[in-house]
Enquirer: 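Got a structure for you, questions after.
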Amino acid sequence: MTDDPTRRKPLRLWPGVVLVLVQWALWLLPRVAPNAAMYAILAAMACGPLILLWWLFFSRAPWVDRLGIVAVVIGAMAVTPRFLHESVAQGNMGFQFIGYGVPAVGLALVASALLGRSFSSWTRRAVMVGAILLACGVFTLLKSKGLTGDGAAEFTWRWTPTPEEQLLAQAGDEPMDTPAPRSLAAPAVEEPAPPVTEPDADEATEPPALDTEGEAPAQAALIPVEAPAAWPGFRGPDRAGVVRGVRLGTDWTTSPPVELWRRPIGPAVSSFAVKGEHVYTQEQRGEDELVACYDLESGQPVWQHRDKARFWDSHVGTGPRSTPTVRGNRVYALGATGRINALDAENGTVLWSRDATSDTDAELPTWGFVSSPLLVDDKVIVHVGALVAYDTETGEPLWKGPTHGSYGSPQLLTVDGAAQVLLLTQAGVTSVAPDDGTVLWENTWPGIGIVQPALTADGDVLISQVDQSAVPIGMRRLGVVHRADGWTVEERWTTNGLKPSFSPFVVHGDHAFGVDGRHIACIDLKTGERLWKGGRYGSGQVLLLPDQDLLLVVSEQGDLALVRAVADEFTELARVPAIEGKTWNQPALVDDVLLVRNREQMAAFRLPAAGGQGELRRLRSDGAPDGERDPPRD
């Protein structure tokens, strides 16, 4: 026998080359067509067995090579998962290595066969085996920071410190413990809320209660009246993502946003609540889950509350998912593992705390508990396996509602004259009475409830849904009416003209605007018809400035943009980079100061005001105009 390559039939390589080219074209297709991601990736995966079939039956390689290489491929794919980093092993619901490894191994097999076609048998075998092992082995050197909105992994080297680890290694200037409560002669109290106003319910106050002798207590006159929170929590007033009374300059070429401060922060998907000079958010620091308060002017830490809890998933990463809610002198926050706290807004002292999973018998869901607390009258309502309401003052459970799964937050809406709490769930949308949690009405639309429901101008309900694979389905308009025999729900239309995933939409007049795939889309609320779709923002977030017909967009890449909120056409007016890293967190806008954050850093920007007046329209507690403040500290 001879090993002379001139005595062998040449390898039939073209079918393998065609298959691997098709495989990689399909695998890369979601980068330009996100809506086709699932089908493209499944088709790319199917090319893997086809490549093996080509090699096994049609390559003309010696049978020992055919069988040996197939055995190496199967063995490498089977053994490699034992050495993967946890984030890669569990990524993409456990299919990350398969999804990335199959195209890599297919390319390695075909490329090495092509490279070694003129080599001796043993040399070719060594090249092919080495290429396949390298294609698998490189994944053992990686870890994933999570997924982008398109489902792509954010790979980094396994030994690279995470931003959280870098933050913990720094000599911190944050206080390590919550300060002790201050001794006050007349402590501030939380004002009662009006019946159906959320979350700025502290605007209303009641007359002082009478004592047993029929006279008001003397100290009542000393209780300060709290101003309402400028940004009470998730998505601002009414959780609608709408900012009224602010007009911005749109020429960011000559008058760009001005950075006020920037600082590293622990990972979380939380947004902000803002009241007075304080900014509240949540984050993760090592084994501690934090509710943190920062100074609005400087970004310096004010206080931290810590709970021993840590949640991680391979999709989003580490840290809390929900946003604190502030009212009066209290901050309410829900952790990713189900711990709900009521804290003193001034110093972080724990007023009450409960493990909500014990109250609802809930199991920790795949992506953690995400519900931002909703305040209605004397109740704080969250979803932890079920809707559950607690007394804002004592933390005592008041009622437990439906147990549908959800990755959304409860929403207070007034539908046909009745205040009710709506929640998007795996079953569709459920409405309950805020007083006792009684189910008022439901609409079935199976999927994964994430995005906040909203109202049209004439009182219909708008909902959206994603399927069980987290692929956005679209939106639905419901006509909900209360009659003598109960509630009736009529489906007006269902559309795929706007398909929100986990980025909420906003309503402006007869139109809705929101993120669809990587773009901003506009639909007609009368028909559900899409009017336009444009721009590239990834899984960004949107705020509406109705006074100017403007959308303020924070892209997934951390850019700030202004887009016209009109039905005619897509028009981007301005765009500047703002923050580095994947940005899924909702922004907050307080007058002309914009707060943005992600899992690594947060920053504040003063946006240019219309007419060139770019100063914050607030006063300090000492009465000095904002323009006379000291410059922000580093």
Side-chain angles (χ1 to χ4, degrees), residues 146-150 154 231 233-236 239-243 246 248-250 252 256-263 265 267-274 279 281-283 296 299 316-317 321 323 372 450-452 498 500-506 508 513-522 534-546 548 550-565 570-608:
L147 303 182
T148 68
D150 294 337
E154 298 181 291
W231 195 266
F234 184 56
R235 302 189 73 216
R239 300 193 167 188
V242 177
V243 186
V246 173
L248 300 179
T250 59
W252 287 3
V258 176
E259 181 177 314
L260 301 178
W261 51 261
R262 181 186 301 260
R263 65 177 297 111
I265 193 171
V269 195
S270 301
S271 179
F272 303 97
V274 182
V279 175
T281 191
Q282 292 172 255
E283 54 187 292
L296 176 61
V316 178
R321 275 70 174 127
T323 299
S372 297
I450 300 177
V451 173
Q452 300 301 107
L498 175 55
S501 176
F502 52 84
S503 302
F505 58 90
V506 294
H508 186 35
F513 302 85
V515 174
D516 185 330
R518 299 176 178 179
H519 314 283
I520 299 291
C522 169
R536 285 187 174 271
Y537 304 98
S539 295
Q541 309 297 330
V542 175
L543 296 177
L544 172 67
L545 280 63
Q548 284 182 281
L550 280 182
L551 301 175
L552 179 59
V553 183
V554 180
S555 77
E556 184 176 14
Q557 297 75 32
D559 291 345
L560 302 182
L562 291 178
V563 174
R564 292 288 306 278
F570 167 80
T571 305
E572 182 180 87
L573 300 175
R575 185 165 183 163
V576 296
I579 193 170
E580 298 177 359
K582 181 179 73 179
T583 303
W584 284 356
N585 309 58
Q586 288 279 328
L589 182 61
V590 179
D591 293 317
D592 55 3
V593 171
L594 179 70
L595 296 166
V596 293
R597 66 158 292 184
N598 53 30
R599 297 181 302 171
E600 302 178 14
Q601 58 182 260
M602 65 176 181
F605 296 87
R606 189 184 301 283
L607 303 182

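Predicted, not measured: the structure shown is a model, and the values here were computed from it. Scope of the values below: all heavy atoms of this structure, side chains included, with no hydrogens, waters or symmetry mates.
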Enquirer: Can you sort out the partners of Q586 under side chain to side chain donor-acceptor pair (under 3.5 Å), two or more places apart, ordered by chain and number?
Expert: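 Residues passing side chain to side chain donor-acceptor pair (under 3.5 Å) with Q586: Q541.
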Enquirer: Mind running side chain to side chain contact (heavy atoms under 4.5 Å, CB included) on L550 and L573 for me, showing each step along the way?
Expert: CA-CA 9 Å; L550 280 182; L573 300 175; 3.5 Å; yes
Enquirer: Tell me whether the count of non-hydrogen atoms from other residues, nucleotides or ligands lying under 6.0 Å of CD in E259 goes above 12.
Expert: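 For E259, atom CD is crowded (more than 12 foreign heavy atoms under 6.0 Å).
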Enquirer: Specify the closest pair of heavy atoms between F502 and G149, including all atoms of both residues, with the distance to one decimal.
Expert: CZ-CA, 4.4 Å
Enquirer: Report the residues that fulfil side-chain contact (heavy atoms from CB on, under 4.5 Å) with A561, sequence neighbours left out, ordered by chain and then residue number.
Expert: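 Per chain and number, A561 pairs via side-chain contact (heavy atoms from CB on, under 4.5 Å) with Y537, V553, E572, R575.
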Enquirer: What is the distance from atom CZ of R263 to atom CZ of R597, rounded to the nearest 0.5 Å?
Expert: 11.5 Å
Enquirer: Going by side chain to side chain donor-acceptor pair (under 3.5 Å), name the residues that satisfy it together with E600, two or more places apart in sequence or in a different chain.
Expert: none
Enquirer: For F513 and A565, work out which heavy atoms get closest and say how close.
Expert: CZ-C, 3.5 Å
Enquirer: Applying the side chain to side chain contact (heavy atoms under 4.5 Å, CB included) test to L589, which of V274, L545, L595 qualifies?
Expert: L545
Enquirer: For the atom pair OG1 (T250) and CG (L607), what is the distance rounded to the nearest 0.5 Å?
Expert: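 Taking OG1 in T250 and CG in L607, the distance rounds to 12.0 Å.
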Enquirer: Which heavy atom of V506 sits nearest to which heavy atom of G241, and what is that distance?
Expert: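 Looking at all heavy atoms of both residues, the shortest contact is CG1-O, 3.8 Å.
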Enquirer: Using side chain to side chain donor-acceptor pair (under 3.5 Å) as the criterion, list what pairs up with S271, not counting sequence neighbours.
Expert: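 By the side chain to side chain donor-acceptor pair (under 3.5 Å) rule, S271 matches no residue at all.
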Enquirer: Does the side chain of P257 reach to within under 4.5 Å of the side chain of L594, using non-hydrogen atoms?
Expert: no
Enquirer: For V515, check side-chain contact (heavy atoms from CB on, under 4.5 Å) against everything at least two apart and list the hits.
Expert: S503, I520, V542
Enquirer: To the nearest 0.5 Å, how far apart are OG in S555 and CG in L560?
Expert: 8.0 Å
Enquirer: I'd like to check the side-chain contact (heavy atoms from CB on, under 4.5 Å) partners of T583; sequence neighbours left out, ordered by chain and number.
Expert: V554, I579, N598
Enquirer: Might you point out which heavy atoms bring A578 and F605 nearest each other, and give the distance in Å?
Expert: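 Scanning both residues completely, I find the closest heavy atoms to be O-CZ, 3.4 Å.
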Enquirer: Which atom names give the shortest non-hydrogen contact between S372 and T323, and what distance separates them?
Expert: OG-N, 2.9 Å
Enquirer: Please determine whether side chain to side chain contact (heavy atoms under 4.5 Å, CB included) holds for the pair F272 and V590, giving the CA-CA distance in whole Å, both sets of side-chain angles, and the decisive distance to 0.1 Å.
Expert: CA-CA 11 Å; F272 303 97; V590 179; over 6 Å; no
Enquirer: Of all residues at least two apart in sequence or in a different chain, which pass the side chain to side chain donor-acceptor pair (under 3.5 Å) check with H508?
Expert: D549
Enquirer: Hey, what do you get for CG (L551) to CG (L544), rounding to the nearest 0.5 Å?
Expert: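 Rounded to the nearest 0.5 Å, the CG-CG separation comes to 6.0 Å.
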Enquirer: How long is the gap from CG on D150 to CZ on R518, to the nearest 0.5 Å?
Expert: 4.0 Å
Enquirer: For E154, give me all partners under salt bridge (charged side-chain N to carboxylate O under 4.0 Å, His left out), at least two apart in sequence or on another chain.
Expert: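 With sequence neighbours excluded, E154 shows a salt bridge (charged side-chain N to carboxylate O under 4.0 Å, His left out) to K582, R599, given in chain and number order.
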Enquirer: Could you work out, with salt bridge (charged side-chain N to carboxylate O under 4.0 Å, His left out) as the rule, every residue matching R564, not counting sequence neighbours?
Expert: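 R564 satisfies salt bridge (charged side-chain N to carboxylate O under 4.0 Å, His left out) with no residue once adjacent residues are dropped.
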Enquirer: Identify the two heavy atoms, one from P504 and one from V451, that lie closest to each other, and give their separation to 0.1 Å.
Expert: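 Shortest heavy-atom contact: CA-CG1, 3.6 Å.
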Enquirer: Just so I know, are the side chains of H519 and F570 near enough to count as touching, which here means a heavy-atom distance under 4.5 Å?
Expert: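 Side-chain contact under 4.5 Å: no.
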Enquirer: Apply the test side chain to side chain contact (heavy atoms under 4.5 Å, CB included) to residues T281 and I265: give CA-CA distance (whole Å), side-chain angles for both, the deciding distance (0.1 Å), then the verdict.
Expert: CA-CA 10 Å; T281 191; I265 193 171; 3.9 Å; yes
Enquirer: By salt bridge (charged side-chain N to carboxylate O under 4.0 Å, His left out), which residues pair with R536, not counting sequence neighbours?
Expert: none
Enquirer: Does L562 reach the side chain of L552, with side-chain heavy atoms less than 4.5 Å apart?
Expert: yes
Enquirer: Who passes side-chain contact (heavy atoms from CB on, under 4.5 Å) against V258, sequence neighbours left out?
Expert: none
